[in-house]
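Computed over heavy atoms, backbone and side chain alike; hydrogens, waters and symmetry mates excluded. Please read these numbers as outputs of a predicted model, since none were measured by experiment.
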Number of protein chains: 2
Amino acid sequence: MPAFGGNISFNAQHSPMGAFFSFTCGHFATRGGMAAELGKPANQDLFIGIKEGGRRAHAPLKCLPFFGSAAPGGVDAADFVGEQAGPAEQNAQPRVLAYKREDIQRRYGWATDRWETADFAFSIYTPFGEIADPEAATAAELRRQLLPAVLAELEVDNRSGRDTRTAIFAVNFNEPGWRPIAGGASRGGFGLRRQYGILGEAAGAAAPTLFCRWSPEQGVMEPGAHLLGSCPGLAMEVPPGERRMLRLALGCYLEGIVTTGLEGRYLYTKYFGGLEDVLHTALDFGDPAVACAAIDARLRRSGLSEDQQFLIAHATRGYYGSTQLLEVGGEPFWVVNEGEYCMMNTLDLSVDHMFWELEHNPWVVKNLLGNFVRRYRFMDRLKPGGAAAAESLPGGISFTHDMGVHNNFSPPGESSYELADLPGVCFSHMTAEQLCNWVLMGATYVSLTEDAGWASQNGVILEACLESLQRRGGNSGIPEYDSSRCGTGAEITTYDSLDHSLAQTRNSLYMAVKFWAACLGLAIVFERLGDAGAAERAREQMRRVERTVLAQVGEEGVIPAVFEKQSSGYHSRILPAAEGLLYPWAWGHDLSRHGELVEALRRHASALLKDPAKRNLFPDGGIRLSSTSNNSWQSKIAIFMHVARQVLHLDQDPDIAALFRQADIAHAAWQTDGSGYWACSDQFINGKAIGSRYYPRVITTALWMRGNGRDDAKA
Amino acid sequence: MPAFGGNISFNAQHSPMGAFFSFTCGHFATRGGMAAELGKPANQDLFIGIKEGGRRAHAPLKCLPFFGSAAPGGVDAADFVGEQAGPAEQNAQPRVLAYKREDIQRRYGWATDRWETADFAFSIYTPFGEIADPEAATAAELRRQLLPAVLAELEVDNRSGRDTRTAIFAVNFNEPGWRPIAGGASRGGFGLRRQYGILGEAAGAAAPTLFCRWSPEQGVMEPGAHLLGSCPGLAMEVPPGERRMLRLALGCYLEGIVTTGLEGRYLYTKYFGGLEDVLHTALDFGDPAVACAAIDARLRRSGLSEDQQFLIAHATRGYYGSTQLLEVGGEPFWVVNEGEYCMMNTLDLSVDHMFWELEHNPWVVKNLLGNFVRRYRFMDRLKPGGAAAAESLPGGISFTHDMGVHNNFSPPGESSYELADLPGVCFSHMTAEQLCNWVLMGATYVSLTEDAGWASQNGVILEACLESLQRRGGNSGIPEYDSSRCGTGAEITTYDSLDHSLAQTRNSLYMAVKFWAACLGLAIVFERLGDAGAAERAREQMRRVERTVLAQVGEEGVIPAVFEKQSSGYHSRILPAAEGLLYPWAWGHDLSRHGELVEALRRHASALLKDPAKRNLFPDGGIRLSSTSNNSWQSKIAIFMHVARQVLHLDQDPDIAALFRQADIAHAAWQTDGSGYWACSDQFINGKAIGSRYYPRVITTALWMRGNGRDDAKA
């Protein structure tokens with residue numbers, strides 16, 4: 001794995017699967033560490049490094065730069081000793097040298113994040129793969145897959161040294177409650193209350209030495225571990241002539257019911273007795289490097305550029321950091337939290353995550369679909385745009401934007417996000433889009449799993465969805481009405497904080513193509529179910545959408561973002577017009593049967609990309625989803641680029657291929673330079689992450705692994 | 001209850017009994033609110049106030065000044081909307097008027113804290129009293145006594161008004177996870193995740209209206225409650241001609257195992273099914289004002305000065321805020337946490353809290369004594385001062401400084417605090433003093449409860465304690481040796497961060513009198529048990545101590561703090577010399593039998609108080625425990641003053657009586673001006689709280705309720 005060529009100072013979420021837990025580090029001079037259920041990096045100073053000599057030698061401690069400057073507000077020894085003269089602890093300040101950027105190399109693979117200095121190497125391993133369906137899997141499988149811990153290794157090669165060297169891993173939690181964790185003769189560790197812990201072992205050597213005072217360089221010098229200290233750590237001495245590796249399990253265990261509304265506990269609590277069980281099991285599983293190297297190699301073999309590979313590796317970590325597999329009432333309940341916002345199973349994210357999940361654990365998509373049906377579906381009425389709700393028309397089924405926020409499940413039929421009476425802005429309802437999202441998830445699930453039983457069982461819901469699409473679509477086939485849930489307001493789309501060109505639902509090009517895909521998906525499912533009548537109704541609406549969109553094609557093939565000449569969005573030029581083509585591509589559907597629409601979208605996208613005024617590009621070459629907004633989303637750019645390459649074959653044009661290569665470079669820099677603290681983020685303004693940070697949705701970049709004979713990303 | 005005459009801007013910990021939970025408010029322009037298991041005020045902005053007109057009227061919101069300025073780092077609407085123009089939420093900043101200090105009155109009783117403005121009154125009720133022995137009490141008793149909630153009332157008198165007015169209670173949690181709490185037709189509320197909640201009802205009116213956006217004045221204007229908001233609240237409209245009161249239950253519920261080492265859960269979880277049960281029960285219990293008024297009146301009737309009454313009321317709240325009644329392995333387990341440090345059952349605090357506990361719930365003292373015996377006792381050896389441990393002598397039984405910290409029980413026989421190899425400074429061992437503390441607690445428990453069964457059952461421990469005291473005392477009877485646990489270090493006392501005059505254990509005047517009291521206490525217990533031999537051995541050591549102390553009386557009756565001429569403490573003049581007289585006074589022992597010692601201590605204290613150089617006074621008239629330290633502890637001052645009044649009768653001297661009156665004034669100002677944010681604190685340097693903040697031990701002021709025919713403080 002080559003050294004990372006860009007800016008290495010960026011955080012990564014090192015996360016197991018389904019624990020909503022991250023060990024976050026990598027950004028220089030800020031804090032990170034272990035946290036669960038937190039939409040941002042933790043607040044811990046990490047001291048990972050070495051000193052020359054034994055642990056009590058008078059030598060400086062030299063660490064990776066994963067700690068901030070001392071912060072006010074914490075308790076240290078000075079708080080205990082008041083005015084008294086004398087104690088060595090009184091004026092303790094961490095005196096730790098940090099390696100300089102130029103003295104560090106980072107290798108950032110799909111499952112391995114490795115830091116190297118002249119003195120040691122530190123690797124963090126995050127293997128990922130299938131989560132087996134808990135209703136069919138064995139406990140042994142699930143203990144391995146749901147283990148809420150990651151492994152790291154601190155290696156010191158002292159084979160050519162003359163003196164002992166001491167490797168150190170310490171954490172200043174910056175909150176009270178650390179405690180020792182006993183590990184027998186060969187293991188030692190420490191934790192924070194009942195929730196978080198670190199257990200270490202050095203192969204072939206005695207247990208690492210536990211220490212604690214108020215700073216790591218002080219703690220490692222002193223005997224024992226003071227329970228009133230704030231900075232516990234482990235030390236491993238490496239005699240001259242030896243090479244030793246301190247393997248660390250970093251884990252969490254959140255017991256009991258953790259949610260409200262629906263009462264859920266972590267499914268892993270069914271397979272692990274507690275934090276100690278988690279940590280010992282993680283070490284018992286042994287060497288993580290081989291499995292991770294295989295995953296790393298698969299990405300290396302993908303044929304993708306370094307920048308693309310980086311984005312996929314980074315996104316995968318961000319995705320798993322937001323995943324939360326619960327058990328509610330005895331049944332598994334899959335949740336992906338929405339990054340820094342921690343909304344639960346935001347449906348317009350679910351539809352984007354679905355491609356990844358269907359490759360690795362299709363049952364979670366079925367789980368999501370079912371949970372939306374059983375608790376987060378509703379029936380509404382419709383109102384013509386702008387009109388009062390009193391004039392409403394029959395509506396139909398749809399689904400909420402999300403299932404709650406921050407572990408609080410919202411009431412049945414309500415999301416945490418949506419509000420009435422808002423004029424088509426952020427927090428209004430997304431009823432039409434969420435209907436499409438559920439339909440597209442269902443159709444894609446059926447298409448890729450061939451689970452006809454599910455389709456049959458959900459026939460009545462699918463029928464209701466078709467009727468709801470028809471009613472919302474009116475004569476044009478595309479959204480003509482707003483849900484009565486909006487009150488005096490108007491519906492929006494997932495592009496809620498972009499300009500009106502993508503936020504408006506009615507007469508939206510983006511929504512039109514999504515409606516088209518939803519109708520096509522329903523038609524295919526109904527055909528599979530042998531319901532020719534419903535299939536034909538779906539196709540009929542699909543054709544209406546096609547006609548409506550094609551009628552809007554303007555000069556140079558550009559299609560307005562909003563089909564209302566008086567709208568400010570009429571002149572906006574949006575690349576996500578083509579997003580809806582992703583789904584039939586994923587189903588393996590023959591898109592030549594829809595040549596006219598596909599061609600129109602190809603010409604539209606091509607015109608935007610080749611626009612001499614470069615209205616859909618940022619100065620750095622990054623892609624601007626709407627020509628009239630400085631706001632852009634990495635996850636949606638990835639989808640667009642994938643459609644552009646795989647469906648529209650736009651990269652056969654060398655100019656566009658070059659433009660895409662430059663865009664990938666820019667997007668990688670958005671993450672490292674524009675989101676260094678926030679790990680993987682989605683929403684950028686001029687290359688700076690300003691929202692949707694610490695986010696799962698960039699996993700759409702993993703679509704790039706598929707197509708053109710590439711690895712299919714199956715883990 | 002008269003208005004508080006001092007600085008009203010100070011926090012109080014409004015706490016139920018045994019829940020380690022506080023609703024903290026009162027200090028202006030800082031945050032407070034609800035928190036459990038936190039040694040400091042919570043981080044919530046409280047908005048308690050009123051607006052003219054109905055809840056959606058365009059009028060400013062006017063609140064008590066219990067909120068800080070907007071802090072960086074929180075999520076608000078702007079984080080969602082990015083660059084988009086338009087939404088009203090985007091630039092939301094709380095626009096709330098705060099009442100000025102001169103427009104607010106505060107009445108601070110023993111159980112009622114009442115805030116009054118021209119527009120409304122806000123009262124917080126914290127009745128206290130017995131916690132019945134869980135092994136003998138009924139569930140109904142314990143549901144009432146252990147209810148982990150406090151009640152508050154927001155009253156608006158609009159009988160002379162022409163327009164509706166709206167009362168508001170809102171909390172910006174400044175952390176994510178708020179949720180609505182359903183309350184049926186008459187109640188409504190909100191919570192933070194599963195742990196904290198507020199439920200309100202307005203007698204004779206519909207349920208208060210729940211609202212939520214990102215600021216209270218915005219939220220109250222908007223329909224519904226946005227689950228993504230950060231500042232939920234309740235609004236109660238008061239029509240003209242009416243007077244309405246919004247009663248609020250503010251509670252917590254921490255379920256499951258909350259500690260490590262020993263695994264404990266809150267005992268209240270046995271009597272309440274969850275947070276909703278707690279909150280509804282609190283309101284079901286009805287009007288809290290009458291019971292609290294009776295408690296308030298008892299303090300008013302005490303004959304104590306306003307300043308003394310304030311200190312007792314303030315200390316009582318601080319004490320209960322640190323109390324934590326757990327269940328460990330099916331048995332109750334009483335913990336008092338050490339204020340901001342959160343050390344558990346610090347034994348040198350326990351001995352001071354004991355007087356309060358023996359009045360209200362003696363079983364908790366027995367519980368503490370038993371838990372120290374079963375897990376936190378040890379046997380040591382002794383070493384002559386300064387000598388190496390190899391020359392050690394037989395030692396004996398003693399007890400650890402504490403049982404752990406921050407919900408982590410320390411290992412058996414170890415405290416969280418004590419370290420070896422420290423040169424007689426903070427964090428060294430307190431072996432001799434903790435032995436005295438356990439003995440004095442045991443002797444006081446037996447004396448006040450007449451529980452001869454306990455004494456008999458613990459006879460072997462009491463014998464071991466006597467032997468341990470004898471060995472530590474050597475020929476002089478006072479501590480001559482340090483515990484081998486100190487390693488190369490030396491023992492210290494509870495006055496750990498004062499100067500050496502009180503921190504040193506060997507040859508210490510303070511420790512000598514404490515040894516004397518411990519020997520006397522053992523003698524009395526052994527006599528009760530009919531063990532004349534042991535009683536005589538105890539008396540023999542007691543007499544040795546008397547001789548040793550009396551031999552040290554110097555010029556003008558002053559006794560050196562440390563009986564070593566080469567020690568810097570030899571010239572220190574310490575008031576806690578008399579502290580040990582408190583115990584025999586509490587037992588009702590006839591101190592005239594020890595006239596010589598008592599007289600020596602009386603002359604010593606008198607000389608220090610009447611010192612023309614005022615070396616034991618601060619410039620403000622506050623009491624300086626050691627003439628050579630700027631550090632002083634309110635809890636220990638209270639004990640000294642009590643002994644000075646009740647045992648030494650020093651206040652019969654009009655000069656000293658006046659000096660004590662001035663000291664009480666100064667000490668009250670230390671709390672309000674020197675510890676406004678930290679509620680009740682113990683450790684002050686020149687009137688500023690610099691440690692031991694948010695602290696339970698000041699409950700020693702409640703000793704003042706006893707004696708001279710005063711109310712005996714029994715609740």
Output, in order, the C-alpha distance, side-chain angles, deciding distance and verdict of side-chain contact (heavy atoms from CB on, under 4.5 Å) for A:Arg213 and B:Leu419. CA-CA 11 Å; A:Arg213 290 296 189 276; B:Leu419 292 176; 3.9 Å; yes

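B:His226 places a side-chain N or O within 3.5 Å of a backbone atom of A:Ser416 that can act as its donor or acceptor partner.
Note that CD of B:Gln195 and OG1 of A:Thr260 are 10.0 Å apart. Values are rounded to the nearest 0.5 Å. Taken from CD in A:Glu418 to CG in B:Leu227, the straight-line distance is 11.0 Å, to the nearest 0.5 Å.
Of the listed residues (B:Pro180, B:Gly177, B:Pro223), the greatest number of heavy-atom pairs within a distance under 4.5 Å of chain A belongs to B:Gly177. With chain A as partner, the option from B:Asn408, B:Val258, B:Asp421 having the largest number of non-hydrogen pairs under 4.5 angstrom is B:Asn408. Comparing B:Gly224, B:Gly191, B:Pro176 by how many heavy-atom pairs each has under 4.5 Å with chain A, the most go to B:Pro176.
Counting heavy atoms from C-beta on, the side chains of B:Leu228 and A:Phe427 come closer than 4.5 Å.
Under the side-chain contact (heavy atoms from CB on, under 4.5 Å) test applied with A:Arg194, the options B:Thr259, B:Asn407, B:Ile257 reduce to a single match, B:Ile257.
Considering only residues two or more places apart in sequence or on other chains, B:Phe190 meets the ring-ring contact (aromatic ring centres under 6.0 Å, His included) condition with none of them. Residues meeting the ring-ring contact (aromatic ring centres under 6.0 Å, His included) test with B:His401, sequence neighbours left out: B:Tyr417.
Both the backbone and the side chain of A:Glu37 come within less than 4.5 Å of a heavy atom of chain B.
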